[in-house]
S.K.: 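Here it is, the structure, as structure tokens.
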Amino acid sequence: MPYRAPVSEFSFLLENVVGFSAVQDTQRFAEATTDTVTAVLTEAGKMCDEVMAPLQRNGDLHPARLENGVVRSSPGFAEGYKAISDGGWVAITADPEYGGMGLPVVISTAVNEMMSGACLSLQLNPLLTQGQIEALEHHASDEIKALYLPKLISGEWSGTMNLTEPQAGSDVGALSSKAEDNGDGTYAITGQKIFISWGDADFVENVCHLVLARLPGAPAGTKGISLFLVPKFIPDAAGNPGVANSLKVVSLEHKMGLHGSPTCVMSYEGATGWMIGAPGSGMKAMFTMMNNARLGVGGQGVGAAEGAYQHALAFANERKQGKSPFDTIIGHADVRRMLATMKAEIFAARAIALDCAISIDMGRATGEAEWDARAAFLTPIAKAFSTDIGCEVSEMGVQVHGGMGYVEESGAAQFYRDVRVTAIYEGTNGIQAMDMVGRKLMDGGEAAARLLDEIEADAEAAKGALPELAGAVWEAAETLRETTEWLVAQPMAERFGTAVPYLRAFARVLGGHYHLRAAMADPDGAHGRIARYYITRLLPEHAGLLGHVRAGEAELMEISPDDLAA
């Protein structure tokens with residue numbers, strides 16, 4: 001499939017839109033110079049174009065399979081993974097003490113997105129390992145760090161996370177897996193986990209599972225959950241994979257997409273594990289990995305959208321159909337509308353994800369609580385909006401192809417099938433929205449207000465050069481501010497029915513903000529024209545979304561199950 005990593009677009013965003021210079025000005029990330037970042041993105045982009053992109057169709061047409069209890073990966077995936085690990089792309093943000101690069105999260109976000117656009121099924125493997133590395137860095141003992149982090153960072157070993165059980169989907173507190181103290185510093189882990197991405201791989205020496213389980217006598221719910229590191233092979237005295245642990249892959253799920261990424265049903269049968277963090281603090285430790293993964297999954301949504309867009313654009317430039325000034329269907333107004341929408345939406349979603357990453361980096365570099373609050377507020381937006389856009393843009397890519405989009409040989413449908421699950425895993429997008437109107441507004445809306453202050457200040461500054469665009473963004477931000485203040489005043493239990501449109505409206509306004517910055521930097525170029533398209537045609541959707549929010553939850557909940565069955 002045609003794919004070209006959007007390296008120049010990332011450079012434009014970092015320089016002109018998301019304020020990367022603030023990260024470079026910190027002591028912690030002073031070595032992330034523009035030359036260094038350009039070199040990293042260029043090399044990663046080359047690897048995506050030349051190594052990963054050719055594997056996209058292999059994963060779909062030749063899925064991972066289970067043979068005699070061992071997962072066999074799709075053709076070429078072993079070589080592709082070697083290029084990822086040898087290039088150090090697993091270790092971009094990891095601690096240099098254990099072999100990592102120690103670069104900002106925003107650079108890892110950009111690289112992961114490019115990898116997702118090239119081959120989402122394969123990229124999911126190192127993304128999970130990155131999350132496990134961060135969880136261990138924050139919560140593991142020094143002994144565990146010394147043993148596991150170098151292997152995970154080098155890519156010799158891979159990592160997973162095991163939350164979901166058959167009877168406990170999003171309700172993690174209902175899990176029944178148990179852990180019993182062996183009396184020697186280890187625990188016996190017993191239970192079954194489902195939906196475990198890359199629960200096994202034949203191109204790494206060891207697979208390390210982070211497993212949530214409950215100790216004897218632990219309280220019900222999430223407060224009684226602890227976290228354990230359970231390797232496929234128990235390391236020997238030299239730190240090398242030793243005897244096989246008491247765990248196995250029971251089966252692989254037959255999925256709509258992501259065929260190259262094995263989604264495993266895992267069985268733990270008294271498997272040896274080591275506790276990570278304190279007893280009962282499993283969710284706190286796991287959330288470190290989950291928050292990492294939520295931003296990463298948002299990047300997967302953008303990456304899949306970019307891949308689908310490039311695929312559709314290439315088709316539109318080649319397909320001759322009817323009469324148009326360009327002799328191909330790209331000259332037709334509706335095709336142009338779809339492609340412009342796809343490009344504008346990708347820019348907005350990408351900028352949100354990068355801004356979230358910038359906020360994480362600034363929080364780590366400065367220790368300032370406001371940056372942490374900003375990152376926390378942006379995380380559910382980055383995850384939900386970006387994966388929604390991944391689905392919508394990929395679906396639109398099928399439409400651009402017309403009848404050929406419905407034919408599997410064209411490859412257009414794969415982007416939609418692959419990306420669709422991103423709106424579900426790591427917390428469904430509805431759960432992200434509930435988190436946003438719940439936990440993220442528990443500060444009385446202060447973090448939201450600071451973002452809106454920033455948007456309005458930028459719009460005010462842009463009114464002299466781009467009055468119509470700046471005025472539209474300022475007015476949208478003010479309307480969002482009024483609705484946010486109204487929402488904060490509502491009882492917590494009554495916010496959830498309007499959470500999804502609120503998150504979408506906030507993302508719409510943020511998108512206008514980033515597009516306005518792009519237009520200021522490139523008023524007469526492509527970014528300026530795409531910005532005008534977004535602000536005049538897509539930003540106005542915020543008004544209808546906020547009208548939905550203001551309608552409240554009552555009318556929704558008055559619709560009974562019998563009404564829905566009628």
Side-chain angles (χ1 to χ4, degrees), residues 1-13 45-46 48-50 52-58 60-61 113-114 116-120 257 301-350 388-420 511 515 518-519 522-538 541:
M1 290 186 176
Y3 178 78
R4 185 179 180 84
V7 174
S8 61
E9 188 73 347
F10 282 114
S11 296
F12 177 86
L13 278 157
K46 183 179 179 181
C48 291
D49 296 350
E50 298 178 0
M52 293 187 69
L55 302 177
Q56 169 84 340
R57 288 299 280 164
N58 281 1
D60 195 52
L61 299 175
E113 190 219 291
M114 292 191 291
S116 299
C119 184
L120 185 54
V302 184
E306 178 68 35
Y309 168 71
Q310 292 190 23
H311 202 62
L313 179 63
F315 181 84
N317 275 315
E318 297 169 359
R319 174 66 169 164
K320 295 182 178 182
Q321 182 87 23
K323 295 181 180 180
S324 85
F326 291 85
D327 197 36
T328 62
I329 63 171
I330 201 167
H332 295 302
D334 191 52
V335 173
R336 190 75 60 85
R337 174 193 64 82
M338 287 189 285
L339 291 169
T341 299
M342 294 164 81
K343 189 171 183 65
E345 295 282 43
I346 289 168
F347 183 92
R350 178 178 286 139
D388 280 346
I389 291 306
C391 295
E392 293 166 22
V393 166
S394 297
E395 189 276 335
M396 204 173 291
V398 173
Q399 190 71 11
V400 169
H401 280 75
M404 288 305 297
Y406 200 67
V407 175
E408 283 291 349
E409 283 78 3
S410 72
Q414 183 186 343
F415 291 103
Y416 181 75
R417 289 188 289 101
D418 283 355
V419 79
R420 185 62 188 84
H515 272 291
D522 183 25
D524 300 319
H527 288 101
R529 288 186 286 274
I530 293 296
R532 283 189 284 277
Y533 180 88
Y534 182 96
I535 292 171
T536 59
R537 297 170 186 255
L538 301 181
E541 293 177 4

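Predicted model only: the values in this text are computed from it and were never measured. We number each residue from 1, following the sequence as shown. Computation of the quantities below employed the complete heavy-atom set of this structure, encompassing side-chain atoms and omitting hydrogens, waters and symmetry-equivalent molecules.
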S.K.: Please name the pair of heavy atoms, one in Ser394 and one in Ala304, separated by the smallest distance, quoted to 0.1 Å.
M.R.: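 Residues Ser394 and Ala304, closest heavy atoms: OG-O, 3.9 Å.
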S.K.: Might you point out which heavy atoms bring Ala531 and Ala519 nearest each other, and give the distance in Å?
M.R.: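 It is CB-CB, 3.7 Å.
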S.K.: Name all pairs fulfilling the salt bridge (Lys or Arg N to Asp or Glu O under 4.0 Å) condition that reach into residues 394-415, sequence neighbours left out, sorted by first residue then second.
M.R.: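 Every pair satisfying salt bridge (Lys or Arg N to Asp or Glu O under 4.0 Å) with a residue in residues 394-415: Glu408-Arg417.
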S.K.: Would you give the length of the straight line joining atom OH of Tyr3 to atom CD of Gln56, rounded to the nearest 0.5 angstrom?
M.R.: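 Between Tyr3 OH and Gln56 CD, I get 10.0 Å after rounding to 0.5 Å.
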S.K.: Backbone N or O of Glu318 within a donor-acceptor pair of the Thr328 side chain at under 3.5 Å?
M.R.: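 A pair under 3.5 Å: no.
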S.K.: Closest heavy-atom contact between Gly511 and Ala348?
M.R.: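 For Gly511 versus Ala348, the nearest heavy atoms are CA-CB, 3.7 Å.
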S.K.: Does the pair Asp49/Lys46 count as a salt bridge with the N-to-O cut at 4.0 Å?
M.R.: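 Looking at Asp49 and Lys46, the cut-off is not met.
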S.K.: Hey, mind stepping through His515 and Tyr533 against side-chain contact (heavy atoms from CB on, under 4.5 Å) and telling me if it holds?
M.R.: CA-CA 10 Å; His515 272 291; Tyr533 180 88; over 6 Å; no
S.K.: Would you name the heavy atoms of Ile329 and Val400 that are closest together and state the gap between them?
M.R.: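 Nearest pair, atom of Ile329 first, then Val400: CD1-O, 3.7 Å.
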S.K.: Sub-3.5 Å donor-acceptor pair from the side chain of Ser11 to the main-chain atoms of Val7, do we have one?
M.R.: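 Answer holds: yes.
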S.K.: Could you tell me the separation between the CG atom of Leu120 and the CE atom of Met52, rounded to the nearest 0.5 Å?
M.R.: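 So the CG of Leu120 and the CE of Met52 are separated by 8.5 Å.
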S.K.: So does Arg4 get a backbone contact from the side chain of Gln310, meaning a donor-acceptor N/O pair under 3.5 Å?
M.R.: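 Yes, because the side chain of Gln310 sits within donor-acceptor range (under 3.5 Å) of the backbone of Arg4.
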S.K.: Does the side-chain contact (heavy atoms from CB on, under 4.5 Å) test come out yes or no for Val393 and Val302, once each step is laid out?
M.R.: CA-CA 9 Å; Val393 166; Val302 184; over 6 Å; no
S.K.: For the CD atom of Glu9 and the CE atom of Met114, what is their distance to the nearest 0.5 Å?
M.R.: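 Taking CD in Glu9 and CE in Met114, the distance rounds to 12.0 Å.
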S.K.: Report the C-alpha separation of Glu392 and Thr341 in whole Å, then their side-chain angles, then the decisive distance to 0.1 Å, and conclude whether the side-chain contact (heavy atoms from CB on, under 4.5 Å) test is met.
M.R.: CA-CA 10 Å; Glu392 293 166 22; Thr341 299; over 6 Å; no
S.K.: Within this structure, what is the CG-CZ distance for the pair Asp522 and Arg529, rounded to the nearest 0.5 Å?
M.R.: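 These two atoms lie 7.5 Å from each other.
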S.K.: If you compare all heavy atoms of His311 against all heavy atoms of Gly411, which two are closest, and at what distance to 0.1 Å?
M.R.: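 Residues His311 and Gly411, closest heavy atoms: NE2-C, 3.9 Å.
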S.K.: What distance separates Arg537 CZ from Arg337 CZ, expressed to the nearest 0.5 Å?
M.R.: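 CZ of Arg337 is found 9.5 Å from CZ of Arg537.
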S.K.: Evaluate Met396 against Tyr309 for side-chain contact (heavy atoms from CB on, under 4.5 Å), listing each step before the verdict.
M.R.: CA-CA 9 Å; Met396 204 173 291; Tyr309 168 71; over 6 Å; no
S.K.: Is the shortest side-chain heavy-atom distance between Arg350 and Glu306 below 4.5 Å?
M.R.: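 Yes; the side chains approach each other to less than 4.5 Å.
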S.K.: Is it the case that over 12 heavy atoms from other parts of the model lie below 6.0 angstrom from the CG atom of Asp524?
M.R.: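 Incorrect, the count does not exceed 12.
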S.K.: Verify the distance criterion only: is there a donor paired with an acceptor across the side chains of Gln414 and Arg57 at less than 3.5 Å?
M.R.: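 Per modelled atom types, Gln414 and Arg57 side chains form a pair under 3.5 Å.
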S.K.: Nearest 0.5 Å, please: how far is OH in Tyr534 from CD in Glu345?
M.R.: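 Going from CD on Glu345 over to OH on Tyr534, the span is 6.0 Å.
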S.K.: Does Glu541 CD have over 12 foreign heavy atoms under 6.0 Å away?
M.R.: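 More than 12 within 6.0 Å, yes.
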S.K.: Please name the pair of heavy atoms, one in Cys48 and one in Ala118, separated by the smallest distance, quoted to 0.1 Å.
M.R.: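 Scanning both residues completely, I find the closest heavy atoms to be O-CB, 3.6 Å.
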